[in-house]
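First up is the structure itself, then whatever we jot down about it.
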Amino acid sequence: MKNNIKKNLRVLRELFYLRVHGLTVFRLDFFGPFLVDGSLFVIQLLAFEAVYANVDTIGTWGKGEMILYLGTFSLLNAVNMTIYFFGVNNIPYKVRSGEFDLYLSKPVSPLFHLTFENISPGSVPLIIMSLCMITYGIRILQIQLTLTAIFSYVFWTAIMAVLYYEVEMVIRSFSLYLVSMARMEQIEEAGIDLCMKVPGTALYGIYKVIFYLILPYGIMATLPVQSMIGEMNTQTAVYGTGTVLLFSLVTAALWKQGLKHYNSTSS
């Protein structure tokens, strides 16, 4: 176990070095993600201002809670874009093109390699912008920060980042079973777009079933915010933890069975 951890850390270091070296050779590849993500961030802020020019609350949350929510969702998305999105998002293409065979032949976990091979330092500024927005939301709400509140928020944000990764992996694992992933990726994009604007506390009926369980984007930023503003209860905490554990099991099972189901293009 200890040897595997050391090996993975060495692999991660080399992947990071190769990625940064490649990005510095082609500068547009380095600054491109920041320009795209920064533009998306500005668009989100403009949409937010347009909404709150006409309404005072969304569900039970006012402007302060929603600034904190939007900042948290943006932070999760920024962490996703920085660490694993570009690696995970390429899995369906590599499966269809046959490049996936190369990962199976290497002496390291193909999932680990695929996850971390395309780390994007160009998305780091978006993390900083998101943290500034979170700080602004805290100031508007006049929250008295304590070590417990900070630890709780960081904890829930961290495990929701894991859940974000797991949901992405569940969707892309189907590329090992299906020919086309286009429809599933469109559903994913629509879900993220909706939940980035509407907090989980405002979802009811079938929407809550979909975005709290099937595609749990509705809880990813909601739970960290609830932990910060004191709205989280034991039932919510248990549900959030259980959802992350459930998706961990589903992700592992789908990936493992998908590898068995995968037909190499060279076979």
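Since the structure is predicted, the reported quantities are computational estimates derived from the model, not experimental observations.
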Is it the case that the side chain of [X] and the backbone of [Y] share a donor-acceptor pair, with hydrogens and angles ignored and the cut-off at 3.5 Å?
X	Y	answer
S227	P224	yes
N89	F85	no
Y164	M220	no
E65	G62	yes
T241	V238	no
Y239	Y212	yes
S74	L70	no
Y207	G200	no

T236-Q226 side chain donor-acceptor pair, cut-off 3.5 Å: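 No, Q226 and T236 have no side-chain donor paired with an acceptor closer than 3.5 Å.
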Do you know the tightest heavy-atom contact between [X] and [Y]?
X	Y	answer
L254	S173	CB-CB, 4.1 Å
I159	V244	O-CG2, 3.9 Å
K197	D193	NZ-OD1, 2.7 Å
L76	A221	CD1-N, 4.0 Å
Y69	V198	OH-O, 3.3 Å
G71	S130	O-CB, 3.7 Å

With side chain to side chain contact (heavy atoms under 4.5 Å, CB included) as the test, would you mind laying out the steps for Q257 and Y177 before giving the verdict? CA-CA 9 Å; Q257 292 302 315; Y177 304 85; 3.2 Å; yes
Taking atom [atom1] of [X] and atom [atom2] of [Y], what is their separation to the nearest 0.5 Å?
X	Y	atom1	atom2	result
N90	R172	CG	CZ	9.5 Å
N118	T82	CG	OG1	13.0 Å
C195	L203	SG	CG	6.0 Å
I214	I187	CD1	CD1	10.5 Å
K106	L104	NZ	CG	10.5 Å
M184	L215	CE	CG	8.0 Å

The criterion is side chain to side chain donor-acceptor pair (under 3.5 Å); which residues satisfy it with N80, sequence neighbours excluded?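 N80 satisfies side chain to side chain donor-acceptor pair (under 3.5 Å) with E168 once adjacent residues are dropped.
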Determine whether [X] and [Y] fall in the same hydrophobic cluster, where Ile, Leu, Val, Met, Phe, Trp and Tyr are linked whenever their side-chain heavy atoms lie under 4.5 Å apart.
X	Y	result
Y103	L259	yes
V79	F112	yes
M169	L245	no
L223	L213	yes
W255	V95	yes

For T201 and V225: C-alpha separation, side-chain torsions, deciding distance, then whether side chain to side chain contact (heavy atoms under 4.5 Å, CB included) applies. CA-CA 11 Å; T201 55; V225 173; over 6 Å; no
Would you please indicate yes or no on a ring centroid separation below 6.0 angstrom for F211 and Y217?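 Centroid separation for Y217 and F211: 6.0 Å or greater.
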Could you go through L176 and H261, starting from their C-alpha distance and side-chain angles, then the distance that decides it, and tell me whether this counts as side chain to side chain contact (heavy atoms under 4.5 Å, CB included)? CA-CA 7 Å; L176 297 168; H261 185 271; 5.6 Å; no
Side-chain atoms of residues 131-157: list all donor-acceptor pairs with protein atoms under 3.5 Å, sequence neighbours left out, distances to 0.1 Å.
residue	atom	partner	partner atom	Å
T135	OG1	L131	O	2.9
T146	OG1	A149	N	3.1
Y153	OH	T72	OG1	2.6
T157	OG1	Y153	O	2.7

Looking at side-chain heavy atoms only, is the closest gap between K94 and S175 below 4.5 Å?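 Contact flag for K94/S175 side chains = no.
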Answer yes or no: is there a side-chain heavy-atom contact under 4.5 Å between E166 and S248?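 Yes; the side chains approach each other to less than 4.5 Å.
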Under the side chain to side chain contact (heavy atoms under 4.5 Å, CB included) rule, what do T222 and W61 come out as? Steps first, then yes or no, please. CA-CA 11 Å; T222 301; W61 284 1; 4.0 Å; yes
side-chain hydrogen bond (donor to acceptor under 3.5 Å, both in side chains) between T115 and Y165, worked out: CA-CA 9 Å; T115 298; Y165 167 76; 2.8 Å; yes
